[in-house]
Enquirer: 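What follows is a structure written as structure tokens; I'll ask about it next.
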Amino acid sequence: QVQLVESGGGLVQAGGSLRLSCLSSGDTFGNYAMGWFRQAPGKEREFVAASSRSGLSRYYADSVKGRFTISRDNAKNTVYLQLNSLKPEDTAVYYCAADLGPRRVGIPAEYSHWGQGTQVTVSS
């Protein structure tokens, strides 16, 4: 079992940047693949990015490729999401998620542990 706590959200102007963090506690962080998802009002939760246990493999939604970067520091039990060139359509609650072995990294149901989310609002 892991507990996940996100931080780093906020209000930013279009074109700006934010860095989200997700701190894990409990089980060994390096055993878990990590994902970032987001959910805007009235919309389904959608995949943003994922990292393998080692961090060597990274996956991105097409909508964020080239703008967002996922990284992790297993010594600090933390996964990060760097958000650059933000757009108003990136406004959402961002969640980190963990699983020992998601078969499909882009599917929310494949993750067994979730944080409470952090709000990102991008103004135009």
Side-chain angles (χ1 to χ4, degrees):
Q1 293 283 341
V2 291
Q3 294 76 44
L4 304 173
V5 179
E6 302 96 333
S7 60
L11 173 64
V12 64
Q13 289 188 332
S17 298
L18 284 172
R19 189 195 197 198
L20 307 183
S21 299
C22 174
L23 176 64
S24 174
S25 60
D27 202 358
T28 303
F29 180 66
N31 289 342
Y32 290 81
M34 300 297 297
W36 283 98
F37 293 79
R38 65 186 181 186
Q39 188 166 18
K43 296 187 176 181
E44 293 187 353
R45 192 166 297 190
E46 66 173 1
F47 171 70
V48 176
S51 169
S52 63
R53 296 174 185 82
S54 66
L56 292 178
S57 295
R58 307 179 189 183
Y59 311 89
Y60 296 95
D62 288 343
S63 59
V64 307
K65 278 181 183 176
R67 300 189 299 124
F68 293 6
T69 303
I70 187 171
S71 62
R72 65 189 293 164
D73 186 337
N74 286 352
K76 295 183 177 180
N77 296 340
T78 302
V79 62
Y80 305 96
L81 186 68
Q82 179 68 42
L83 290 66
N84 295 332
S85 302
L86 281 161
K87 305 175 182 179
E89 51 263 44
D90 294 318
T91 295
V93 177
Y94 283 70
Y95 299 89
C96 70
D99 196 86
L100 290 172
R103 290 174 294 176
R104 295 169 294 175
V105 297
I107 305 299
E110 294 286 334
Y111 293 82
S112 52
H113 305 282
W114 291 83
Q116 83 289 347
T118 185
Q119 177 71 48
V120 171
T121 303
V122 184
S123 63
S124 57

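Values in this document were obtained by computation on a predicted structure and should not be read as measured data. Heavy atoms only: backbone and side chains are in, while hydrogens, waters and symmetry mates are out.
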Enquirer: Indicate yes or no: at least one non-hydrogen side-chain atom of Trp36 is less than 4.5 angstrom from one of Cys22.
Expert: yes

Enquirer: Side-chain heavy atoms nearer than 4.5 Å, only ILVMFWY residues, links allowed to pass through others: does that put Tyr80 and Met34 together?
Expert: no

Enquirer: Tell me, which pairs form a salt bridge (charged side-chain N to carboxylate O under 4.0 Å, His left out) where one or both residues lie in residues 2-22, sequence neighbours left out?
Expert: none

Enquirer: Check for a donor-acceptor pair, side chain of Arg72 on one end and backbone N or O of Ala33 on the other, with a separation under 3.5 Å.
Expert: no

Enquirer: Answer yes if Leu4 and Val48 sit in the same cluster of Ile, Leu, Val, Met, Phe, Trp and Tyr residues linked by side chain heavy atoms under 4.5 Å apart, and no otherwise.
Expert: yes

Enquirer: May I ask you to decide if the ring planes of Phe37 and Trp114 are parallel, tilted or perpendicular, using 30° and 60° as cut-offs?
Expert: tilted

Enquirer: Could you walk me through whether Ile70 and Gln82 pass the side chain to side chain contact (heavy atoms under 4.5 Å, CB included) test, one step at a time?
Expert: CA-CA 6 Å; Ile70 187 171; Gln82 179 68 42; over 6 Å; no

Enquirer: Could you work out, with salt bridge (charged side-chain N to carboxylate O under 4.0 Å, His left out) as the rule, every residue matching Arg38, not counting sequence neighbours?
Expert: Glu46, Asp90

Enquirer: Would you name the heavy atoms of Phe29 and Val79 that are closest together and state the gap between them?
Expert: CZ-N, 3.9 Å

Enquirer: Drop me the distance from Lys76's NZ to Ser24's OG, to the nearest 0.5 angstrom.
Expert: 15.0 Å

Enquirer: For the pair Thr78 and Asp73, evaluate side chain to side chain donor-acceptor pair (under 3.5 Å) and give the outcome as yes or no after the intermediate values.
Expert: CA-CA 5 Å; Thr78 302; Asp73 186 337; over 6 Å; no

Enquirer: Might you point out which heavy atoms bring Gly30 and Asn74 nearest each other, and give the distance in Å?
Expert: CA-ND2, 3.8 Å

Enquirer: Quick one, Tyr94 and Leu81 - any side-chain contact, counting heavy atoms below 4.5 Å?
Expert: yes

Enquirer: Can you find a heavy atom in the side chain of Arg45 that is under 4.5 Å from one in the side chain of Val93?
Expert: no

Enquirer: Test your reading of the model: is there a side-chain donor-acceptor pair from Ser54 to the backbone of Leu56, 3.5 Å cut-off?
Expert: yes

Enquirer: Could you tell me if the side chain of Gln3 sits less than 4.5 Å from the side chain of Leu23, heavy atoms only?
Expert: no

Enquirer: Between Phe47 and Ile107, is there a side-chain heavy-atom distance shorter than 4.5 Å?
Expert: no

Enquirer: Going only through I, L, V, M, F, W and Y residues with side-chain contacts under 4.5 Å, is there a path from Val64 to Tyr95?
Expert: no

Enquirer: In chain order, what residues pass the ring pair (Phe, Tyr, Trp, His ring centres under 6.0 Å) check against Tyr32, with sequence neighbours excluded?
Expert: His113

Enquirer: Are Val122 and Gln13 side-chain neighbours, meaning at least one heavy-atom pair lies under 4.5 Å?
Expert: no

Enquirer: With no hydrogens and no angle check, just 3.5 Å: does a side-chain donor-acceptor pair link Asp99 and Ser112?
Expert: yes

Enquirer: Do you reckon Leu20 sits in the same ILVMFWY cluster as Val105, going by side-chain contacts under 4.5 Å, direct or chained?
Expert: no

Enquirer: Supply the atom-to-atom distance Tyr60 OH to Phe68 CZ, rounded to the nearest 0.5 angstrom.
Expert: 10.5 Å

Enquirer: With a 4.5 Å limit on heavy-atom distance, are the side chains of Thr91 and Val120 in contact?
Expert: no

Enquirer: Is Ser17 reaching over with its side chain to a backbone N or O of Asn84, donor-acceptor style, under 3.5 angstrom?
Expert: no

